[in-house]
Amino acid sequence: MLEDKLYSLFGFQSFKPGQKDIIEQLMAGKDVLAMLPTGRGKSLCYQLPGLLSEGLTIVVSPLLSLMEDQVQQLKSQGIRRVATLNSFTNKEERKWLISHLSKIKLLYTSPEMLQSDELINRLKSIHISYFIIDEAHCVSYWGHDFRADYLRLKDVRDDFKMPPCLAITATASPSVRQDIIKELALKDPFFYIESVNRENILLAVEEMNSQVDKVNRLVEYIQSYESPALVYVQTRAQAEYYSHKLQVESTIRVGFYHGGMENAERMLIQQQFMNGQLDVVCATSAFGMGLNKENIRYVIHLHCPLDIASYVQEIGRAGRDGKPSFAVLLTTPEDKYYAHQLVERGKLSEIDWAWALGTLQGGLPFKSESFESIVETINGDQARTAVFLLEQWGVIKNGMVQAFAITDVAVKLRNHFDINVKRQKKRLESAITYAYGTEQCKRGQLLHYFNEEPISQKPCCNVCGLDLGPFRKDKRKKKENETLLNAKEELKRIFGIERSCGHGN
DNA sequence: CGGCTCTGTAGTACTACAGAGCCGGTGCGGTACT
């Protein structure tokens, strides 16, 4: 009985909804595409089959921190035959691990690591029970232009003689699901798709006249409502700017988080937020994956989201404890133009590509460094994606550049990136409809994007102007905050302190 | 779609102005350097 194993390995009496279906299908040898809300035990869906199987289960994870967290957690539960293999693994550990892979049940690694010949060759000699893609939306979101190794997973799986594959995520729109199926070559997969609706999160969109109004409104929210809260912004500079701004204008403890920070700094901010030493974090989209904080009361966005699924994922970090929470999107009319520009900027002409391709000489070994640095307009990520495509098309074979027609290949490259821009544009269009559309029911719009029926019983809540009273800090507390704020103002006046923020908006 | 900064040039010696150009976020791994 699966339940017995569940109890003996994990100490749970019963499965949560969806888990058993997913596990049974996977164990019966089927590919599975699963969408389960966060906090509903996604990892158990592959940990249990992995531990019960004869061979090794490979878990592909997008972030080092996610791998390390999971393995640490399993080990603390007394499950020892698990390991991570990534750039944290030092040489000796790596050597030991590769020669002892047959002793391991679950191996957590990155898509990039799975490009190592040494590792692949070793894995080929071992029975791979399951191939798991955690946070599988990354295949579609990152694979096409940012982390090409996500698109190479299909070939990796082929090397292992196509073990059953589980692609699992919390948020993937129907088109993203189709893309995942295509890019991982899932064969007639079993779907387990759960609603993205989170009834305890109220939704609101407020259009502001100017950036100044937006900031004032933000300060108002932060002053009036119970933290912890998340504030999402578009750029790194904005994350820092708003964080300083809120520190000056309110009494709450604010930090910022973005991808440009040192690892140690990022870990510190996340820890402080987890431990309740920070009330609010102003962050770019870098913050949140794997964040396991239950009591976030609200999420505010200060920019037009580029995509509804990402928006849903970000606001879904509120109210994990099931208690009432809310998500507010603050926009100004020009935000949508800015968003458009960002998407358009990914475009390159075939001339750019032809120029880059001109550096490749048929018959010579391929040198990726020189290819990547030759044309300034092509960034490193795009260049790496291009290399992936050149390999797919046979322009680069076994590390050697073959004879090829520059113009044709340049056009093919341009087309590939154009298709991706089109994909992003389409996603942006629906996000703009959500942000600026006159449709009253915001929840209905989100559900519609995921092909879900608008359900009348579900609370329809464009709560603009609606009373958010229950979320307000109680009066006594508010008064304390005001006193503190006044004291802060007073100090500022006395010492003539003006915080310098360094960044404008 | 806007707005800022940089650059070049003209007219006057350092300033003024016009026009061009730029402008985002996600992370892995490995190597070269201090």
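Throughout, protein chains are lettered first and strands after them, A, B, ... in sequence-line order, and every chain is numbered starting at 1. Just so it is clear, the values below take in all heavy atoms, side chains as well, and ignore hydrogens, waters and symmetry mates.
- A gap of 13 Å separates the P atoms of B/dT12 and B/dC17, to the nearest Å.
- By the ring pair (Phe, Tyr, Trp, His ring centres under 6.0 Å) test, A/Y434 pairs with A/Y311, sequence neighbours left out.
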| task | For nucleotides 28-34 of chain B, just jot down a letter per nucleotide in 5' to 3' order: B, S or -, based on protein non-hydrogen atoms under 4.0 Å. | result | SSS----
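- A donor and an acceptor atom, one from each side chain of A/Q234 and A/D335, are nowhere located under 3.5 Å apart.
- In this structure, A/E68 places its CD atom 16 Å from P of B/dG27, rounding to the nearest Å.
- Syn is the glycosidic conformation of B/dA13, whose angle stays within 90° of 0.
- Contacts of A/H303 with the nucleic acid, taken as non-hydrogen atoms under 4.0 Å apart, are absent.
- Taking the six-membered ring where tryptophan is involved, the planes of A/Y141 and A/H137 are perpendicular, since the angle between them exceeds 60° and thus also 30°.
- Taking atom C1' in both B/dA20 and B/dT26, one finds a spacing of 31 Å when rounded to whole Å.
- B/dG25 sits 38 Å from B/dT9 when the C1' atoms are compared, rounded to a whole Å.
- Across the C1' atoms, B/dC1 and B/dC22 are found 16 Å apart, a figure rounded to whole Å.
- The distance from atom CD of A/Q313 to atom C1' of B/dT26 is 12 Å, rounded to the nearest whole Å.
- For the pair A/R266 and B/dT26, the criterion of a side-chain N or O lying under 4.0 Å from OP1 or OP2 is not met.
- Residues passing the side-chain contact (heavy atoms from CB on, under 4.5 Å) test with A/Q178, sequence neighbours excluded: A/I181.
- If you take atom C1' in B/dA10 and the same atom in B/dT31, they sit 50 Å apart, rounded to whole Å.
- Under the 30°/60° scheme for interplanar angles, the aromatic rings of A/Y298 and A/Y225 are found to stand perpendicular.
- With sequence neighbours excluded, the residues forming a salt bridge (Lys or Arg N to Asp or Glu O under 4.0 Å) with A/E350 are A/R414, listed by chain and number.
- Evaluation of A/F146 against the base of B/dT26 yields a stacking contact (centre distance < 5.5 Å, interplanar angle < 30°).
- Pairs engaging residues 137-148 of chain A under the salt bridge (charged side-chain N to carboxylate O under 4.0 Å, His left out) rule: A/E112-A/R147 [sequence neighbours left out].
- Of the P atoms belonging to B/dG11 and B/dA18, the separation is 13 Å, rounded to the nearest Å.
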| DNA chain B base-pair string [pairs: Watson-Crick or G-U under 3.5 Å; |: paired with another strand] | .(((((((((....)))))))))...........
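- B/dT26 atom P lies 12 Å from atom CZ of A/F287, rounded to whole Å.
- Computed from coordinates, the A/Y257 OH to B/dT26 C1' distance equals 11 Å when rounded to whole Å.
- One interatomic measurement links the two molecules: CG of A/N263 to P of B/dG27, which rounds to 10 Å at whole-angstrom precision.
- The nearest whole Å value for the distance from the CG atom in A/D335 to the C1' atom in B/dG24 is 13 Å.
- Here the side chain of A/H340 is nearest to one of B/dG24, B/dC1, B/dT26, namely B/dC1.
- In this structure, A/D145 atom CG and B/dG24 atom P are separated by 16 Å, rounded to whole Å.
- Listed by chain and number, the residues in a ring pair (Phe, Tyr, Trp, His ring centres under 6.0 Å) with A/H303 are A/H301 (sequence neighbours excluded).
- Per the geometry, CG belonging to A/N420 stands 18 Å off P belonging to B/dG25, to the nearest Å.
- Evaluation of the salt bridge (Lys or Arg N to Asp or Glu O under 4.0 Å) rule for A/E391 yields A/R152 as partners, not counting sequence neighbours.
- Of the candidates A/V156, A/D159, A/I98, A/L101, A/L123 forms a side chain to side chain contact (heavy atoms under 4.5 Å, CB included) with just one, namely A/L101.
- Looking at residues two or more places apart in sequence or on another chain, you find a side-chain contact (heavy atoms from CB on, under 4.5 Å) between A/N216 and A/V212.
- Shown here are the side-chain contact (heavy atoms from CB on, under 4.5 Å) partners of A/V401, two or more places apart in sequence or in another chain: A/L360, A/F366, A/F404.
- Each salt bridge (charged side-chain N to carboxylate O under 4.0 Å, His left out) pair with one or both residues in residues 282-302 of chain A, not counting sequence neighbours, appears once here: A/R297-A/D321.
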List every contact pair, protein side and nucleotides 2-5 of chain B side both N or O, where the distance is under 3.5 Å.
none

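- Across B/dG24 and B/dC6, the matching P atoms stand 14 Å from one another, rounded to whole Å.
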